[in-house]
Amino acid sequence: MKLITKNTHRRPIGVFDSGIGGLTVAKSLFEILPNENIIYLGDTARLPYGTKSKETVILYSIECLEFLLSKNVKMIVVACNTASSVAVPFLQKITKIPVIGVLIPGSRGAVKKTKNNKVGIIGTLGTVKSKAYSKEIHKINKDISVYSQPCSLFVQLAEDGWTDNKIAQLTAEEYLKGLKKNHIDTMILGCTHYPILKNTIKKVMGKDITLIDSGEETAIEVKKILIDEKLLNTQKAKGRHKFFVTDFPNNFQQISERFLGKKISNVKKVKLQ
Ligand code: DGL
């Protein structure tokens with residue numbers, strides 16, 4: 001690990017996810033921090049993380065972190081909610097550079113927004129089982145009732161682009177009926193893929209629901225940390241973005257455009273050690 005020098009702020013920010021879903025987080029980072037150089041790693045060969053054991057997700061996350069450290073990044077953002085739920089404290093022990101997951105910013109956002117103190121969390125099985133979001137929320141406010149629901153099929157629906165059709169609608173109705181009965185007024189989209197299904201989720205939950213996009217909240221937090229740590233890149237030029245994956249899914253280009261809102265061409269396949 002290189003020590004912080006007067007040029008540290010010029011180094012890139014490293015972002016990793018289990019695959020391409022984390023591009024929703026990258027999209028928010030690109031918008032909020034347009035002058036930052038960003039390196040994105042999607043562990044597409046080992047996707048999904050959401051159904052794997054905690055031990056496996058921690059191990060994979062350490063390998064992703066080590067790859068990004070080898071690229072001399074100044075900060076690491078864990079875009080994957082599942083990895084954020086179980087691995088961040090382990091990653092923070094490995095390096096002295098800031099490592100931030102999507103969990104704390106997402107939880108803070110929900111606590112700020114709820115008016116009736118009833119918050120819903122949707123995520124992968126791994127994220128929901130870890131109870132990490134509810135623990136984080138209760139650290140801030142013990143009086144908030146938290147209700148969680150795994151929505152595993154949402155990941156595939158988002159990747160296939162089935163986000164606004166009948167199947168998405170029926171799937172959302174089935175998954176979300178319990179949360180509706182609990183009268184939550186705020187819901188954390190606790191998975192990288194779920195912001196793509198925002199419209200359908202809102203339709204099912206009703207127009208008064210406040211949806212918290214953990215990725216957006218995280219990008220705001222990343223900017224704050226960079227300013228506080230004097231790590232913000234002050235260059236006038238637009239930041240450079242590099243993308244790495246551990247395998248190419250068949251329709252990678254198409255899927256990535258759906259998540260990022262633009263085409264990416266400079267993607268390299270890498271092998272993690
Ligand atoms: N990126 C994962 C997450 O946010 C979803 C996909 C997966 O299960 O790996 O939890």
Side-chain angles (χ1 to χ4, degrees), residues 14-29 40-65 68 76-88 91 99-107 109-110 120-136 148-163 171 175 187-198 201 211-219 243-249 251-252 255-256 258-260 272:
V15 182
F16 81 85
D17 178 46
S18 56
I20 43 193
L23 290 175
T24 56
V25 182
K27 188 176 177 217
S28 297
L29 286 167
Y40 180 93
L41 170 67
D43 191 8
T44 41
R46 302 189 291 193
L47 176 91
Y49 281 12
T51 50
K52 303 220 162 58
S53 71
K54 182 176 165 183
E55 292 71 27
T56 300
V57 174
I58 293 170
L59 195 78
Y60 288 176
S61 300
I62 291 173
E63 290 174 0
C64 291
L65 175 106
L68 292 172
I76 288 178
V77 181
V78 184
C80 178
N81 285 255
T82 311
S84 294
S85 300
V86 298
V88 169
L91 304 179
V99 178
I100 167 181
V102 290
L103 209 91
I104 296 179
S107 304
I121 291 148
I122 54 173
T124 64
L125 199 60
T127 298
V128 169
K129 252 175 63 188
S130 75
K131 296 196 169 70
Y133 269 113
S134 49
K135 281 181 203 152
E136 216 45 66
S148 340
Q149 172 65 48
C151 301
S152 318
L153 292 175
F154 281 179
V155 170
Q156 200 55 53
L157 289 175
E159 292 201 3
D160 287 349
W162 288 12
T163 51
T171 311
Y175 276 141
M187 182 196 270
I188 300 180
L189 303 173
C191 174
T192 47
H193 290 60
Y194 298 178
I196 310 276
L197 287 139
K198 243 181 202 168
I201 294 171
L211 299 181
I212 304 291
D213 181 334
S214 294
E216 270 170 29
E217 302 290 329
T218 302
F243 302 90
F244 296 90
V245 288
T246 50
D247 194 11
F248 279 107
N251 49 348
F252 184 83
I255 304 178
S256 53
R258 195 172 301 134
F259 284 79
L260 195 59
L272 301 182

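Since this is a predicted model, take the numbers as computed values, not measurements. All ligand and atom numbering here is 1-based and tracks the order in the structure.
- Here's the thing with N81: one of its N/O atoms is less than 3.5 angstrom from an N/O atom of ligand 1.
- Look at G19 and you'll find every heavy atom at least 4.0 Å from all atoms of ligand 1.
- Taking every non-hydrogen atom of T124 and a distance limit under 4.0 Å, the qualifying atoms of ligand 1 come out as 5 (C), 8 (O), 10 (O).
- Each of E159, R258, Q156 was checked for a side chain to side chain donor-acceptor pair (under 3.5 Å) with H193, and the lone residue meeting it is E159.
- Note on ring orientation: taking the six-membered ring where Trp is involved, the planes of Y40 and F243 are tilted (angle from 30° to 60°).
- In terms of modelled atom types and a separation under 3.5 Å, the side chain of T246 and the main chain of A45 share a donor-acceptor contact.
- Using a 4.5 Å heavy-atom threshold, the side chains of L153 and Y175 count as touching.
- Taking a cut-off of under 4.0 Å to the non-hydrogen atoms of T82, the atoms of ligand 1 that pass are 3 (C), 10 (O).
- Within ligand 1, counting atoms from 1 as listed, the ones closer than 4.0 Å to a heavy atom of C191 are 3 (C), 4 (O), 5 (C).
- Of all atoms in ligand 1, numbered sequentially from 1 with element shown, those under 4.0 Å from a heavy atom of D17 are 1 (N).
- By the 6.0 Å contact criterion, NZ on K198 is enclosed, its count of non-hydrogen atoms from other residues, nucleotides or ligands being greater than 12.
- Nearest protein neighbour of atom 6 (C) of ligand 1, counting heavy atoms only, is S18 OG, 3.7 Å.
- Close approach of ligand 1 to L47 (heavy-atom distance below 4.0 Å) involves ligand atoms 9 (O).
- Considering backbone and side-chain N/O atoms, T192 comes within less than 3.5 Å of an N/O atom of ligand 1.
- By the 3.5 Å distance cut-off applied to N or O atoms, G50 is counted among the residues near ligand 1.
- Looking at L189 and I122, their side chains come closer than 4.5 Å, going by heavy atoms from C-beta outward.
- Side-chain atoms of Y49 and T192, non-hydrogen and from C-beta on, never get closer than 4.5 Å to each other.
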